[in-house]
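Comments concern the structure below.
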Amino acid sequence: MTRKTRGYGESATTEERRTRRDSYSFPLFLRGGESLLLAVLVLAGAWTFALSAQAPAGDGPQYASGNNLVRPDNYREWIFLGSSLGLNYPQPGAAPGADQFNNVFVNPSSYRAFMQTGKWPDKTIWVLEFRGVGKEAVANRRGQFQTNLVGFEANVKDSRFPDGWGYFVFRDGEKSGAPLSGDTVKRCIDCHSAHTAVERTFVQFYPQLFDVAKKMGTVKKDYTDP
């Protein structure tokens, strides 16, 4: 049986009226159909993206074949600590080598941790990029600038190594390198133990880091170098 509606002269069955009534009993947020569902999905996606943006990046050292350090390709997107000229370290009794620019980078998550604590967390990786020196040949003016890449090294703080630190030298074209060992690494350890301001790092060469270390009280008590 059907009955005329008063509004528009349409006919509605009992089932249709029941369906229409039940639809209005749904919670408001379920009545929007596909448009509302899309809006909910967009909000959920934005929330997920925000959480992922806050998560720490896996920017620490990566290894292949045991303790072989993978050379980081994106290190120039890391935190640039500074550049020095002439700070080379010849072997005892050897003549100083040619001047080079030493550019130093550190992985961003470790930099942020240091700025808060004055200490380097486990999985810190320092990259040392060595470049040649060019000179400007202009009358009445002297200038020096960086040229081609001549060396690449890394210093890693990682609990996987016996004393917590690993030292690496990469040759041309090498994608990964084994940690230094024997007398070679002993010289690195001796130098990085005797002349560094914080742990085994030359923080004294980077004023911003040095100020943080002094504020946090993490400078070595026996540190005496200027």
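In what follows, every heavy atom counts, from backbone to side chain, and hydrogens, waters and symmetry copies are set aside.
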- Query: When you measure from the centre of the six-membered ring of Y223, is the NZ or CZ of K221 under 6.0 Å away and within 45° of the axis?
  - Reply: no
- Under-4.0 Å salt bridge between R160 and D158: yes
Run the side-chain donor-acceptor check on residues 78-86: report pairs under 3.5 Å with partners two or more places apart or on a different chain.
from : atom 1 : to   : atom 2 : distance (Å)
S83  : OG     : N103 : OD1    : 2.7

- Item | Test item: S193 side-chain N/O and D190 main-chain N/O as donor-acceptor pair under 3.5 Å | no
- Query: With sequence neighbours excluded, what pairs up with K157 under the side chain to side chain contact (heavy atoms under 4.5 Å, CB included) test?
  - Reply: W120, T124, W165, E199
- Note on the structure: Closest heavy-atom pair, T147 versus G134, reported as atoms and distance to 0.1 Å, is CG2-N, 3.6 Å
- Task: Look only at the side chain of T196 and the backbone of V198, and say whether a donor-acceptor pair between them is shorter than 3.5 Å.
- Result: no
- Would one find more than 12 heavy atoms of other residues, nucleotides or ligands at under 6.0 Å from atom NZ of K186? no
- Message: Which heavy atom of P72 sits nearest to which heavy atom of I125, and what is that distance?
- Response: CG-CD1, 4.4 Å
- Message: R71: which residues meet the salt bridge (Lys or Arg N to Asp or Glu O under 4.0 Å) condition with it, sequence neighbours left out?
- Response: none
- Note on the structure: Contacts of D163 meeting salt bridge (Lys or Arg N to Asp or Glu O under 4.0 Å) (sequence neighbours excluded), chain-then-number -> R200
- Item | For Y111, all residues meeting side chain to side chain donor-acceptor pair (under 3.5 Å), sequence neighbours excluded | Q208
- Message: With heavy-atom distances below 4.5 Å as the criterion, would you say the side chains of V156 and Y63 are in contact?
- Response: yes
- Item | Closest non-hydrogen atom pair between G118 and T218, with its separation | O-OG1, 2.8 Å
- Message: If you compare all heavy atoms of F114 against all heavy atoms of L209, which two are closest, and at what distance to 0.1 Å?
- Response: CE2-O, 3.5 Å
- Any chance the rings of Y167 and H192 have centres within less than 6.0 Å? yes
- Which pairs count as side-chain hydrogen bond (donor to acceptor under 3.5 Å, both in side chains) when at least one residue sits in residues 170-182, sequence neighbours excluded? none
- Task: Using atom types as modelled and distance alone, determine if a side-chain donor or acceptor of T184 lies under 3.5 Å from a backbone N or O of L180.
- Result: no
- Message: Given 3.5 Å as the limit, does a donor-acceptor pair link the side chain of Q204 with the main chain of A197, or not?
- Response: yes
- All heavy atoms of S109 vs all of D59, minimum pair found to be OG-OD1, 2.6 Å
